[in-house]
S.K.: 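The structure is given below, and queries will be raised subsequently.
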Protein chains: 2
Amino acid sequence: MNTMPDRLSDTLQALADPTRRAILARLAMGRATVAELAAPFAMSGPAISKHLKVLERAGLIERGREAQWRPCRLKAAPLREVADWLDTYRRFWEASFDRLDTYLEDLQTATREAKNVRTKNKRRTGGE
Amino acid sequence: MNTMPDRLSDTLQALADPTRRAILARLAMGRATVAELAAPFAMSGPAISKHLKVLERAGLIERGREAQWRPCRLKAAPLREVADWLDTYRRFWEASFDRLDTYLEDLQTATREAKNVRTKNKRRTGGE
DNA sequence: CGGTTATTTAACTGTATGGTTATTTACAAC
DNA sequence: GTTGTAAATAACCATACAGTTAAATAACCG
């Protein structure tokens, strides 16, 4: 993973941890202190600090500074980037009946191809 | 991360690698052999095999078996799960003007709160 | 200033990850 | 059976990651 051009990987990596997703869910309800964010988890303060650092580095949160407090706030832009990327695959889960037709068609093709193979017709079957 | 109930983490983790995302992009155009999937990358066969294993474990692909071939095919259900989860945050990036208003409001509130702190009113400022 | 609260940083640990080379397994052709 | 191709598995390595405790830093208060 290289640094600048791969925000998507950083975001997805940050989201891949359940603790960090839970932190985002809490921040979706409004900003919160580190202690508040830590409360639901049986883990140490530094562990929470590390999670927040990952989220901050990915641009998913920003950490404020008010006296000794470090209130955190959700930033949604990286989530949008993930959603936009996912949208390039939307046709695959929305055209589910189309996929079934294609599957059956491939099944018939595979049956015919199996016959051809038996007649010594060497062919690479991996391609579309 | 525990096993059964955390498919979302497995999926996001699998997607967090650029090589694996490129593999999915290729499979979006149709199923492909392992060699075809490996072609764009300067990496060894076993490395590709490992990536495919991660994708398979996350349910993002299925690996067929035809003679010595192992044609891979995209499975979109986990992507849909991620998209559905992301949708719970959609209001944050679609109501961007609302967020700006809230930000300005918070700024005024913070200004008033700073005054209160100067008058020795100890208060936790992290909450909403 | 000493004591307290809030949080971060440092150092450490065990496990996972993304890669490698070597080897094995699965299949086809002769 | 031998030889060849396709792919997976085994063993290894360096780095990353998610956690810990100890210590340090930042701020407040009497």
Side-chain angles (χ1 to χ4, degrees), chain A residues 1-3 6 9-10 12-23 31-39 41-58 61 63-72 113-114 116-127, chain B residues 1-3 6 9-10 12-23 31-39 41-58 61 63-72 113-114 116-127:
Chain A
M1 282 202 254
N2 52 2
T3 52
D6 203 6
S9 298
D10 288 346
L12 289 162
Q13 179 73 18
L15 295 174
D17 182 79
T19 302
R20 290 201 285 272
R21 289 201 301 282
I23 286 171
R31 65 180 185 172
T33 63
V34 175
E36 283 170 342
L37 294 174
F41 310 107
M43 72 174 59
S44 64
I48 291 292
S49 219
K50 280 189 171 179
H51 280 305
L52 293 177
K53 191 162 195 176
V54 170
L55 288 169
E56 188 180 32
R57 198 191 65 218
I61 67 169
R63 289 198 265 191
R65 183 171 186 150
E66 300 168 25
Q68 67 266 43
W69 312 99
R70 301 292 180 271
C72 303
E113 281 167 353
N116 288 346
V117 168
R118 283 207 294 268
T119 59
K120 277 177 147 356
N121 183 10
K122 177 176 181 179
R123 195 193 61 83
R124 198 165 86 185
T125 58
Chain B
M1 282 201 258
N2 53 0
T3 52
D6 202 7
S9 298
D10 288 346
L12 289 161
Q13 179 73 18
L15 295 173
D17 182 81
T19 301
R20 291 199 285 272
R21 288 203 302 283
I23 286 171
R31 65 179 184 173
T33 62
V34 175
E36 284 170 342
L37 294 175
F41 311 106
M43 71 175 58
S44 65
I48 292 291
S49 220
K50 278 190 173 178
H51 281 306
L52 294 177
K53 193 164 193 174
V54 171
L55 289 169
E56 188 180 33
R57 198 193 65 221
I61 67 168
R63 287 199 266 190
R65 182 167 186 155
E66 299 168 24
Q68 68 267 40
W69 310 99
R70 299 291 181 271
C72 303
E113 282 166 356
N116 288 345
V117 168
R118 285 207 294 267
T119 58
K120 275 174 135 20
N121 183 11
K122 177 174 182 181
R123 194 191 62 84
R124 197 163 86 180
T125 57

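So that the names make sense, note that chain A is the first sequence line, chain B the second, and so on, each numbered from 1. Excluded from the calculations below are hydrogen atoms, water molecules and symmetry mates; all remaining heavy atoms, backbone and side chain alike, are included.
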S.K.: If I take atom CE from residue A:Met43 and atom OG1 from residue A:Thr19, how far apart are they, to the nearest 0.5 angstrom?
M.R.: 4.0 Å

S.K.: Measure from the side-chain heavy atoms of A:Arg65 and tell me the nearest of D:dA26, D:dA8, D:dT20.
M.R.: D:dA26

S.K.: Rounded to the Å, how far apart are B:Leu37 CG and D:dA6 P?
M.R.: 14 Å

S.K.: Would you name the heavy atoms of B:Val54 and B:Ala14 that are closest together and state the gap between them?
M.R.: CG1-CB, 3.8 Å

S.K.: Let me know the distance between CZ of A:Arg57 and P of C:dT8, rounded to the nearest Å.
M.R.: 15 Å

S.K.: Can you list, by residue number, the residues of residues 47-55 of chain A that have a non-hydrogen atom closer than 4.0 angstrom to DNA chain D?
M.R.: A:Ala47, A:Lys50, A:His51

S.K.: How many whole angstroms separate atom CZ of B:Phe41 from atom C1' of C:dT20?
M.R.: 17 Å

S.K.: Find the distance between CG (B:Leu52) and CD1 (B:Ile61) and round it off to the nearest 0.5 Å.
M.R.: 4.5 Å

S.K.: To the nearest Å, how far apart are B:Met43 CE and C:dT21 C1'?
M.R.: 15 Å

S.K.: Taking CD from B:Glu56 and C1' from D:dT9, how many angstroms apart are they, rounded to a whole number?
M.R.: 14 Å

S.K.: If I compare all heavy atoms of A:Phe41 with all of A:Ile48, which pair ends up nearest, and what's the gap?
M.R.: CD1-CD1, 3.9 Å

S.K.: 5'-most contact on DNA chain D: B:Val34 or A:Pro46, nearest heavy atom basis?
M.R.: B:Val34

S.K.: Do A:Arg20 side-chain atoms and A:Leu15 backbone N/O form a donor-acceptor pair below 3.5 Å?
M.R.: no

S.K.: Measure CD/A:Gln13 against C1'/D:dA16 and give the value in whole Å, please.
M.R.: 9 Å

S.K.: Could you grab the distance from atom CD of B:Glu56 to atom SG of B:Cys72, nearest 0.5 Å is fine?
M.R.: 8.0 Å

S.K.: Give me the stems containing DNA chain D, sorted by first residue, counting only three or more consecutive Watson-Crick or G-U pairs with both distances under 3.5 Å; say none if there aren't any.
M.R.: C:1-30 with D:1-30

S.K.: Between D:dT21, C:dG18, C:dA26, which nucleotide gets closest to the side-chain atoms of B:Gln68?
M.R.: C:dA26

S.K.: Tell me the interatomic distance from A:Glu66, atom CD, to C:dT8, atom P, rounded to whole angstroms.
M.R.: 13 Å

S.K.: Does the side chain of B:Arg63 get closer than 4.0 angstrom to OP1 or OP2 of D:dA7 through an N or O atom?
M.R.: no

S.K.: Is there a donor-acceptor contact under 3.5 Å from the side chain of B:Thr33 to the main chain of B:Pro71?
M.R.: no

S.K.: For D:dG19 and A:Ser44 - does any side-chain N or O of the residue sit under 4.0 Å from the phosphate oxygens OP1/OP2?
M.R.: no

S.K.: Please test A:Asp17 against A:Lys50 for salt bridge (charged side-chain N to carboxylate O under 4.0 Å, His left out), starting from the C-alpha separation and ending with a verdict.
M.R.: CA-CA 12 Å; A:Asp17 182 79; A:Lys50 280 189 171 179; over 6 Å; no

S.K.: Does A:Arg70 have any side chain to side chain donor-acceptor pair (under 3.5 Å) partners at least two apart in sequence or in another chain, and if so, which?
M.R.: none

S.K.: For B:Arg70 and C:dT24, give me the distance from atom CZ to atom P, rounded to whole Å.
M.R.: 18 Å

